[in-house]
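The structure appears right after this line, and notes come after that.
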Amino acid sequence: MVSGKKFIYAKAFNGQPTIENFRLEEFQLPDTVKDGEVLFKAEYLSVDPYMRPYMARYPEGVLMIGEQVARVLKSAHPKYPEGSLVCGKFGWATHTLIKPDEKDFSTLFPLPDLKGQPTSYGLGVLGMPGNTAYFGLLEICKPKEGETVVVTGAAGAVGSVVGQIAKIKGCKVIGFAGSQEKCDYLVKDLGFDYAFNYKTDDIKESLKKAAPKGVDCYFDNVGGEISSKIIGHMNLYGRISVCGAISAYNSKNVTLELAPILQPSMVFQQLKMEGFVVTRWADRWFEGIQQNLKWIAEGKLKYTETVTEGFLNMPQAFFDMLNGKNTGKAIVKV
Ligand SMILES: NC(=O)C1=CN([C@@H]2O[C@H](COP(=O)(O)OP(=O)(O)OC[C@H]3O[C@@H](n4cnc5c(N)ncnc54)[C@H](OP(=O)(O)O)[C@@H]3O)[C@@H](O)[C@H]2O)C=CC1
Ligand SMILES: CCCCC/C=C\CC(=O)/C=C/C=C/C=C/[C@@H](O)CCCC(=O)O
């Protein structure tokens, strides 16, 4: 009998996730599908930072959330022919049996033609993280040629794309990442003007050196003290795109109700700070994918992945990503 595997969110996260938070279960696969049903088999699964704070919304015992690139194994639905690929929010499972007509657009769609790029890019630069960079930078920071853009989490799935799009737009780009190796990658491979290791370099001194005239746009992936220091170095009418706060995700004592003391910079520099969730641009989803694809084809946008082999290693891939072991997009190959 053929069976599938899935990871259950067994115990609520509290601090750093551990293997105790997950439970592996097996389930039986159907021999046939009924009218309107499709059986998908995961090929690549995504591990993303948002999974850490988002799971607080769910009770223990649910399937772990997440996106995957999956192949249609059996189909009784004309839109999903057998052998075709989709992007679906199916969670941490090897197989998924659903009636697609009962799901909305943002949950499942056929993988667009990626023009020969790896299909796993549908979870990265040609999917949610790529669109996060594209819309979050261009629609909120609105960088102008000659301006200085800073991005944190710079060597990751979102940050590496943000920095390169800012370069395409003619900006000076400064990245902060967690190792010298990542900083070298940003400058030598991706064309960032400066990259600093936030674990060892003095943030204020780094900014004085790389941005003596101040920072115009800040794409914030991490929150916390680094962000406060960067915001303190911003120019009049600077723009801050608040994308995430990974530095706080594993903290046990986060005070969510209190804003950090950013008011002096916000007031005197007359800054604009705006948070977003990328699904805000669901109606323009394929515009982002097509533009990033075009830049890749033109050699203007480079991308890398950190691939973990084997579905059973999903939890480890998740821990590794949260701990900075990935460069570019962290994914799992089944
Ligand atoms: N608003 C939205 O719609 C979306 C928001 N996001 C957010 O964007 C951010 C980046 O996501 P993504 O690109 O997928 O992930 P990444 O690929 O950047 O992976 C996470 C990275 O975070 C860094 N990190 C971990 N702990 C810390 C810390 N304490 N301080 C600073 N950096 C840390 C690590 O890199 P390092 O070695 O540099 O420490 C790690 O590699 C996250 O905050 C995420 O929640 C993502 C998608 C959509
Ligand atoms: C325990 C401390 C929590 C601190 C939380 C601080 C800020 C929230 C934050 O960083 C949120 C990030 C959100 C990322 C969103 C990603 C979306 O793309 C996910 C889409 C998933 C979906 O809607 O199905």
Side-chain angles (χ1 to χ4, degrees), residues 12-17 46-58 65-67 87-91 103-108 123-125 127-137 139-140 151-163 175-183 185-186 195-201 203 219-227 230 241-257 259-260 274-282 285 288 303-306 317-331:
F13 293 136
N14 182 22
Q16 191 84 21
S46 186
V47 284
D48 294 271
Y50 77 80
M51 293 167 178
R52 172 65 183 82
Y54 265 51
M55 287 315 294
R57 303 171 173 190
Y58 295 94
I65 58 170
E67 209 177 7
C87 219
K89 284 182 193 159
F90 296 153
K103 300 272 173 181
D104 62 21
F105 158 83
S106 65
T107 310
L108 168 66
L123 299 175
V125 64
M128 188 278 282
N131 275 351
T132 301
Y134 177 81
F135 292 112
L137 178 70
E139 296 297 327
I140 293 179
V151 55
T152 43
V158 175
S160 61
V161 179
V162 168
F176 284 91
S179 73
Q180 189 54 47
E181 203 184 347
K182 289 187 182 186
C183 291
Y185 165 70
L186 293 173
F196 297 101
N197 180 347
Y198 70 87
K199 291 179 181 167
T200 56
D201 292 331
I203 309 281
F219 193 100
D220 185 3
N221 278 320
V222 305
E225 205 182 319
I226 311 169
S227 291
I230 294 167
S241 179
V242 183
C243 177
I246 196 168
S247 72
Y249 291 173
N250 292 328
S251 308
K252 286 191 177 176
N253 301 313
V254 180
T255 310
L256 291 173
E257 290 76 19
E274 184 175 344
F276 71 94
V277 174
V278 65
T279 45
R280 185 199 294 193
W281 295 282
W285 203 250
Y303 207 61
T304 192
E305 297 174 321
T306 297
F318 181 55
F319 308 150
D320 286 350
M321 179 276 302
L322 290 173
N323 290 324
K325 298 222 170 102
N326 63 305
T327 299
K329 180 75 188 97
I331 52 165

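Counting starts at 1 for both ligands and their atoms, following the listed order.
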Kindly indicate whether the side chain of [X], heavy atoms from C-beta on, has any atom under 4.5 Å from the side chain of [Y].
X	Y	result
Leu108	Phe90	yes
Arg280	Ile140	yes
Tyr303	Val161	yes
Phe319	Val47	no
Glu181	Thr327	no
Trp281	Asn131	no

Looking only at non-hydrogen atoms, which of [options] approaches [atom] most closely?
atom	options	result
atom 5 (C) of ligand 1	Cys243, Cys183, Gly244	Cys243
atom 10 (C) of ligand 1	Ile226, Asn131, Asn221	Asn221
atom 12 (C) of ligand 2	Tyr54, Tyr249, Phe276	Tyr249
atom 20 (C) of ligand 1	Thr152, Thr279, Ile246	Ile246
atom 24 (O) of ligand 2	Arg280, Glu67, Lys89, Met55	Lys89
atom 12 (P) of ligand 1	Ser46, Gly156, Pro49	Pro49

Measure the distance from [atom] to every protein heavy atom, then report the residue, atom name and distance (to 0.1 Å) of the closest one.
atom	value
atom 41 (O) of ligand 1	Asn326 OD1, 2.6 Å
atom 45 (O) of ligand 1	Tyr249 OH, 2.7 Å
atom 13 (O) of ligand 1	Val158 N, 2.8 Å
atom 34 (C) of ligand 1	Gly324 CA, 3.5 Å
atom 35 (O) of ligand 1	Lys182 NZ, 3.4 Å

List the steps, then state whether side chain to side chain contact (heavy atoms under 4.5 Å, CB included) holds for Phe318 with Met51. CA-CA 9 Å; Phe318 181 55; Met51 293 167 178; 3.8 Å; yes

Pull out every atom of ligand 2 sitting under 4.0 Å from any heavy atom of Gly244, numbered as shown with elements. 10 (O)

Using a 4.0 Å cutoff against the non-hydrogen atoms of Val278, which atoms of ligand 2 qualify? 18 (O)

So for ligand 1, is [X] a polar contact partner (N or O within less than 3.5 Å, distance only)?
X	value
Tyr198	yes
Val277	no
Val222	no
Met128	no
Ser179	no
Lys199	no
Lys325	no
Gly178	yes
Gly159	no

Side-chain donor/acceptor of [X] to backbone N/O of [Y], under 3.5 Å:
X	Y	value
Thr107	Lys89	no
Ser241	Gly136	yes
Asp320	Lys325	no
Arg52	Gln16	no
Asp201	Ile203	no
Asn221	Thr152	yes
Thr306	Ala330	no

Determine whether the side chain, the backbone, both or neither of Met128 has a heavy atom under 4.0 Å from any heavy atom of ligand 2. side chain

Please verify whether a non-hydrogen atom of Ser160 lies at under 4.0 Å from ligand 1. no

Compute the minimum heavy-atom distance from Ala155 to ligand 1 and say whether it is under 4.0 Å. no

Could you list which atoms of ligand 1 come closer than 4.0 Å to a heavy atom of [X]?
X	value
Ala157	13 (O), 14 (O), 16 (P), 17 (O), 18 (O)
Met321	19 (O), 20 (C), 40 (C), 41 (O)
Ala245	43 (O)
Ala177	38 (O)
Leu322	25 (C), 26 (N)
Gly328	17 (O)
Val278	2 (C), 3 (O)
Ser247	28 (C), 29 (N), 30 (N)

Between Tyr249 and Phe13, is the side chain to side chain contact (heavy atoms under 4.5 Å, CB included) condition met? List the steps. CA-CA 10 Å; Tyr249 291 173; Phe13 293 136; over 6 Å; no

Give the C-alpha distance, both sets of side-chain angles, the deciding distance and a yes or no for side chain to side chain contact (heavy atoms under 4.5 Å, CB included) between Phe176 and Lys199. CA-CA 9 Å; Phe176 284 91; Lys199 291 179 181 167; over 6 Å; no

Can you list the steps and then say if Tyr134 with Val278 is a side chain to side chain contact (heavy atoms under 4.5 Å, CB included)? CA-CA 9 Å; Tyr134 177 81; Val278 65; over 6 Å; no

Pick one of side chain, backbone, both or neither for how Lys329 approaches ligand 1, counting any non-hydrogen atom pair under 4.0 Å. neither

Specify side chain, backbone, both or neither for Thr132, according to which of its non-hydrogen atoms lie closer than 4.0 Å to ligand 1. side chain

Output the distance between atom OG (Ser160) and atom NZ (Lys182), rounded to the nearest 0.5 Å. 10.5 Å

Just checking Glu139: does its CD atom have more than 12 heavy atoms from other residues, nucleotides or ligands closer to it than 6.0 angstrom? yes

Evaluate Ala245 for polar contact with ligand 2, using N/O atom pairs at a separation under 3.5 Å. yes

So does Lys329 pair up with Glu67, basic N to acidic O under 4.0 Å? no

